[in-house]
Amino acid sequence: MKYLLLLSCLLTTSHLFAMTGKVPSHWTSSEVEEQSFMKSTNSAQMAQLSSAYQNILDAKAGLFEGAETVSGSRWFLQSIKTEMAVEAEGTLGVLGVGGEAALELVWIKKPANPTALMTEVAPRLEEETTEDAEEIQVSTSMSEEALKKEIAPVVDLAMATGHVKKRQGLLNNLLGHALKFQETARELESSPVMGPWYVYKYQLELYVSAEGKIALFKIGNAVRLRLEWYRLQKEGVAPVQPPMMNHELSANAKFVASVASDVATLDQVPFNNDFRLNCMKIGVGTTVKGNLFFVKSKARAVGSLFFKRDVQEAPEIVPQLMTEVSDYTMADKDSIVEIPRWSFRKGLQKAAAISRFFASNAKIKGEGQFELSVIETEFELYGSGGLGLVTVEGAAGVTLFVTRNVTI
Amino acid sequence: MLKLFSLLALFVLLSACKNPPTTGNYIPVVGLDSAGNSKLNYVPTGAFQRQMSPFIGQMSHAVAYTLDQHENTEGMPWYLSRVTIGLALEAKVDLFEIAEAEVEGDIELRFQKAN
């Protein structure tokens with residue numbers, strides 16, 4: 001009788017032992033073996049994770065129901081950004097205080113009138129995801145005078161703080177950084193586009209101290225600035241430039257052309273639910289000579305390179321590899337490591353498959369509701385070249401943007 | 001035998017408290033402790049929604065109303081078109097609350113001016 005009682009007690013409380021939603025261990029490691037990923041997608045653990053993820057999404061979506069715009073207001077709540085994180089043991093949850101987010105989710109309100117979808121311009125990814133900073137737009141065709149004009153308002157802003165005394169000194173310092181940045185932008189612009197993916201944006205963060213000093217890392221109450229370069233938008237199918245000899249390209253042009261052709265491996269992972277994987281961001285550092293390299297952590301990166309997919313439909317052009325490049329350089333704390341390129345490519349495929357999981361579980365919402373439209377999945381880049389979903393204790397260096405109803 | 005039963009029952013209860021199921025009534029909250037180590041709390045879904053939903057609703061109304069009072073000066077080259085507000089949330093044992101401003105937050109509201 002006692003055994004029966006004990007058994008029934010265990011059975012009735014067995015749901016309390018139910019596993020929390022944990023991501024498979026190889027998601028948060030450098031493992032690149034595809035077989036184990038495919039195997040895990042059918043496991044009970046994945047069902048549990050899917051259920052837990054859905055539970056969090058539903059709870060978050062429930063928060064926005066009261067966020068209605070006041071009738072007649074010229075201002076409206078356009079979007080809401082929330083974050084999720086993965087604990088060291090793999091549990092997926094809402095991001096509390098501190099730590100690295102694994103997922104940044106942007107919920108955008110669908111127009112209440114379905115016909116408005118046809119006439120309104122879809123929200124832009126830039127506007128929904130970019131962190132605020134004073135931006136200095138730099139194009140490769142700008143003269144030094146034009147650069148000075150672009151920088152002047154930012155210098156005025158720094159002067160307005162009352163702490164910066166030497167306007168000319170700050171202007172010269174900023175101009176020096178801008179000219180160097182422009183040089184790198186020229187190299188990026190000369191990189192050949194050999195497939196649907198190409199580098200379209202380069203950002204460099206600068207911090208101006210109250211004394212007018214410029215640093216590449218955050219210092220005290222510094223004014224945050226951002227140098228930004230965009231490659232011109234291209235219409236229609238992916239442009240194919242005449243092939244260039246490898247020795248004609250700069251190190252930076254080779255770097256971004258190689259990464260762009262690696263990113264094309266993401267296209268082998270199909271997405272559903274109207275989502276598309278069409279943007280990737282990597283954290284980069286620069287050598288004294290201005291050569292770009294991978295940086296393990298966003299926090300240690302001084303710049304960001306953004307890659308986008310240029311075509312709407314499946315690519316018809318098979319990306320050619322920059323065969324000359326077999327390794328990438330990555331800075332990890334105090335050491336520099338060479339990561340095998342093949343491993344990076346395998347890692348990207350795994351990362352795309354992980355992003356696909358999060359997109360597949362996002363519900364489609366009705367008109368007038370906030371719908372999950374952008375999923376930024378953050379990955380840690382390992383010394384082996386592999387990629388793993390970042391944990392709250394980790395350091396993200398690569399971001400995949402999966403979007404729907406958003407223009408890039 | 002009774003002792004064994006009591007011990008097992010206690011174990012069940014302790015396990016349930018430490019590791020509640022996520023599907024349904026609890027939401028895991030992941031963060032870092034002061035030593036930089038990963039920490040995991042659980043908040044009841046109901047409490048999460050009861051506290052946060054009205055707050056976000058009131059916040060969105062208040063911000064939209066305040067921005068509506070802002071009039072752009074005619075002829076000025078710059079105008080306010082977009083406002084982003086970050087909410088910092090801290091997970092306590094069973095509730096969320098607005099934390100210190102410098103603490104990273106979970107929710108960011110972006111307001112846009114209608115054309």
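Nothing here was measured: the structure is a model prediction, and the numbers come from that model. No hydrogens, no waters, no symmetry mates; every other heavy atom, side chains included, goes into these values. Below, chains carry the letters A, B, ... as their sequence lines are ordered, and counting in each starts from 1.
Taking CG of B:Leu32 as the reference point, atom CD of A:Glu87 lies at 11.0 Å (rounded to 0.5 Å). To the nearest 0.5 Å, atoms CG (A:Leu63) and CD1 (B:Ile56) are separated by 4.5 Å.
Heavy-atom minimum distance, B:Ser60 versus A:Leu77: CB-CD2, 3.9 Å.
Heavy-atom distances place both the backbone and the side chain of B:Asn37 under 4.5 Å from chain A.
Of the listed residues (A:Gly93, A:Ala88, A:Ala59), the greatest number of heavy-atom pairs within a distance under 4.5 Å of chain B belongs to A:Ala59.
Partner of B:Pro28 under the side chain to side chain contact (heavy atoms under 4.5 Å, CB included) criterion, out of A:Asn55, A:Leu92, A:Ile56: A:Ile56 alone.
Put simply, the side chain of B:Val30 does not reach to within 4.5 Å of the side chain of A:Val86, judged on heavy atoms.
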